[in-house]
Number of protein chains: 2
Amino acid sequence: MSLTDIRYDAVMGRWEPDARGRLLQAAFELYVERGFEETTVAEIAAKARLTERTFFRHFTDKREVLFAGASDLQALLVNLVLNAPAALTPMATVRAAFIEAAAFFGEQPEFARQRQRIILSSTELQERELIKLATLASAMGGALRERGVKEPGASLAAEAGVTAFRIAFDRWANGPTQRELAGVMDDVFIQLRSITSET
Amino acid sequence: MSLTDIRYDAVMGRWEPDARGRLLQAAFELYVERGFEETTVAEIAAKARLTERTFFRHFTDKREVLFAGASDLQALLVNLVLNAPAALTPMATVRAAFIEAAAFFGEQPEFARQRQRIILSSTELQERELIKLATLASAMGGALRERGVKEPGASLAAEAGVTAFRIAFDRWANGPTQRELAGVMDDVFIQLRSITSET
DNA sequence: GCACCTGATGTCGCTCACTGACATCAGGTA
DNA sequence: TACCTGATGTCAGTGAGCGACATCAGGTGC
């Protein structure tokens with residue numbers, strides 16, 4: 001018996017609770033079972049015992065469901081940058097932030113991997129992921145600027161960090177399960193330094 | 001009298017020539033005049049004296065019109081990487097390729113800037129641009145691998161190069177007109193090296 | 001207890017991007 | 001002359017996404 005089989009009981013309020021959560025779960029399950037493009041918003045809504053219109057009140061579009069955690073991750077990383085020891089260089093700040101944030105995914109590695117598989121299956125979703133990462137880089141660049149880093153250094157450090165993160169994440173998501181994300185990221189950041197310093 | 005006012009003459013073949021070119025121009029003009037999101041594919045087709053269906057035979061979607069040159073740019077950059085002097089390091093190879101390719105845009109700076117303005121006005125278009133750049137990075141990474149560069153160095157060099165290119169391009173497109181793109185790129189690549197090497 | 005308000009959901013009708021199937025027909029080819 | 005080909009047109013969809021209005025349980029003020 002899965003969670004969606006829990007039936008609604010007349011004792012409760014006017015509506016079955018947690019509409020957003022039900023939509024999240026219904027969408028994720030359907031994206032896994034049938035694929036993203038083959039899944040219709042009407043199907044997601046039906047599975048969550050809601051209407052299509054309600055889906056669009058909770059998520060601006062069909063893709064956003066998969067990026068519900070993005071703003072939390074961004075807030076976390078921005079805070080890590082803002083609160084990093086003042087002595088750190090921009091690049092070290094960004095790197096430390098990402099390595100600490102690795103726990104964000106480490107908690108549910110299976111979920112993270114499955115989500116990544118879905119995203120890889122659809123160009124539309126990859127586009128959305130890229131713009132989320134670009135927004136993230138922009139926010140981290142802003143945080144660096146608040147620490148007094150000038151342009152274009154702030155943007156470059158943030159963008160380079162996001163790039164390293166992305167490559168590390170891909171390797172981790174598709175590589176052997178036992179490897180820790182933080183460790184992969186560490187390697188990639190080291191490689192980034194060595195590759196960019198050779199002129 | 002603009003180019004679109006040239007009238008079709010009964011002397012010619014069954015169809016007015018260069019449907020694709022007419023669609024390109026009609027779309028660009030409408031995107032500039034009315035904005036991307038406010039422009040309808042039907043309007044573009046009408047302006048080009050074609051039907052909506054024909055638009056979709058030439059372009060997979062409404063956004064692709066603005067990225068018609070992307071594959072040429074990619075081919076150019078990949079070739080520059082493949083044919084670079086063997087002695088160059090990966091990062092120097094990528095950097096040289098981008099600086100040479102700067103001429104690609106330098107030829108029509110006004111067009112490039114206007115196009116960039118359109119893209120900046122729409123999230124959808126930014127998404128598409130990001131995935132084009134990601135594809136470009138992937139292709140350049142492949143070219144580096146053919147030169148014997150190992151992973152993740154190849155991907156990192158390509159991605160870092162694309163990042164520098166993107167930041168330089170933004171600065172160039174929004175900055176003072178007289179500045180040369182190649183010069184801006186040179187600066188940004190130098191900054192990238194210095195920022196990533198501080199640990 | 002009653003009237004009122006609020007906010008989450010439902011209903012309806014619409015626009016527009018995009019697609020598949022089939023029709024048309026000028027120009028080249030056998 | 002008969003046929004074929006390829007670019008275009010026509011038509012009838014599907015599905016995402018949105019605006020406007022209706023519903024109604026639960027809280028609030030009195």
Side-chain angles (χ1 to χ4, degrees), chain A residues 7-28 30-31 33-68 118 121-128 131, chain B residues 7-28 30-31 34-68 118-119 121-128 131:
Chain A
R7 282 286 151 240
Y8 182 50
D9 197 286
V11 151
M12 316 169 80
R14 179 171 184 186
W15 293 291
E16 189 176 353
D18 194 19
R20 184 186 160 92
R22 274 147 56 210
L23 287 168
L24 271 171
Q25 189 177 345
F28 195 85
L30 285 172
Y31 292 170
E33 290 167 18
R34 296 193 204 165
F36 172 78
E37 281 160 12
E38 291 69 36
T39 300
T40 232
V41 174
E43 291 170 344
I44 299 170
K47 183 160 188 164
R49 281 147 279 138
L50 291 164
T51 61
E52 204 177 330
R53 195 67 184 86
T54 298
F55 176 94
F56 287 113
R57 289 200 180 95
H58 286 276
F59 303 97
T60 61
D61 61 51
K62 196 184 161 188
R63 311 180 217 171
E64 275 297 306
V65 184
L66 285 171
F67 300 90
I118 300 173
S121 76
S122 150
T123 316
E124 273 183 82
L125 288 173
Q126 289 168 52
E127 289 186 341
R128 181 57 52 87
I131 207 170
Chain B
R7 281 288 153 241
Y8 182 49
D9 197 287
V11 150
M12 315 168 83
R14 179 174 185 183
W15 292 290
E16 189 177 354
D18 194 21
R20 184 185 160 91
R22 274 146 56 210
L23 287 168
L24 271 170
Q25 189 178 345
F28 195 84
L30 286 171
Y31 292 170
R34 296 192 203 167
F36 173 78
E37 282 161 9
E38 292 69 36
T39 299
T40 229
V41 175
E43 291 171 343
I44 299 170
K47 182 160 187 163
R49 280 145 279 140
L50 291 164
T51 61
E52 204 177 330
R53 194 66 182 86
T54 298
F55 176 94
F56 286 112
R57 288 199 181 96
H58 286 276
F59 302 97
T60 61
D61 62 50
K62 196 185 161 188
R63 311 180 220 172
E64 274 299 304
V65 185
L66 284 171
F67 299 90
I118 300 173
I119 291 175
S121 76
S122 149
T123 317
E124 274 183 81
L125 288 173
Q126 290 169 49
E127 288 186 342
R128 180 58 54 85
I131 208 170

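Computed from heavy atoms alone, side chains included, the values below leave out hydrogens, waters and symmetry copies. Here is how names work: the chains are called A, B, and so on, in the same order as the sequence lines, proteins then strands, and each is numbered from 1.
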Any pair with a residue in residues 58-68 of chain B that passes salt bridge (charged side-chain N to carboxylate O under 4.0 Å, His left out), sequence neighbours left out, goes on the list, sorted by first then second residue, please. A/Glu127-B/Arg63, B/Asp61-B/Arg128, B/Arg63-B/Glu124, B/Glu64-B/Arg128, B/Glu64-B/Lys132
Between P on D/dA16 and CZ on A/Phe55, what's the gap in Å once rounded to a whole number? 9 Å
Between atom CZ in B/Phe56 and atom P in D/dT10, what is the gap in whole Å? 16 Å
Tabulate protein N/O versus nucleotide N/O from nucleotides 6-8 of chain D, keeping only pairs under 3.5 Å, one per line.
{"from": "D/dG6", "atom 1": "N2", "to": "B/Arg14", "atom 2": "NH1", "distance (Å)": "3.0"}
{"from": "D/dT8", "atom 1": "OP2", "to": "B/His58", "atom 2": "NE2", "distance (Å)": "2.9"}

Locate the shortest heavy-atom distance separating A/Glu38 from A/Glu43; write the atom from each residue and the value. O-OE1, 3.9 Å
Which of residues 37-44 of chain B have a heavy atom under 4.0 Å from DNA chain C? B/Thr39, B/Thr40, B/Val41
Between atom CG in A/Leu23 and atom C1' in D/dA16, what is the gap in whole Å? 16 Å
For a 4.5 angstrom cut-off between non-hydrogen side-chain atoms, does B/Phe28 reach B/Val65? no
To the nearest 0.5 Å, what is the distance between CD (B/Gln126) and CD1 (A/Ile131)? 5.0 Å
Side-chain donor/acceptor of A/Ser122 to backbone N/O of A/Leu125, under 3.5 Å: yes
A/Phe55 vs A/Leu50 side-chain heavy atoms within contact, under 4.5 Å: no
Whole-Å distance, A/Glu64 CD to D/dA16 P, equals 15 Å
Under a 4.5 Å cut-off applied to non-hydrogen side-chain atoms, are A/Phe59 and A/Thr54 in contact? no
Checking the side chain of A/Arg22 only, and the main-chain atoms of A/Pro17 only, is there a donor and an acceptor separated by less than 3.5 Å? yes
Please answer whether the main-chain N or O of A/Gly35 pairs with a side-chain N or O of A/Thr39 as donor and acceptor at a distance below 3.5 Å. yes
Measure the distance from CD on A/Glu52 to P on C/dC14 and round it to the nearest whole Å. 16 Å
Measure the distance from CZ on A/Arg63 to P on C/dA17 and round it to the nearest whole Å. 15 Å
Length of the line joining B/Arg53:CZ and C/dG20:C1', which is rounded to integer Å: 7 Å
In this structure, how many angstroms lie between the P atom of C/dC16 and the CG atom of A/Asp61, rounded? 19 Å
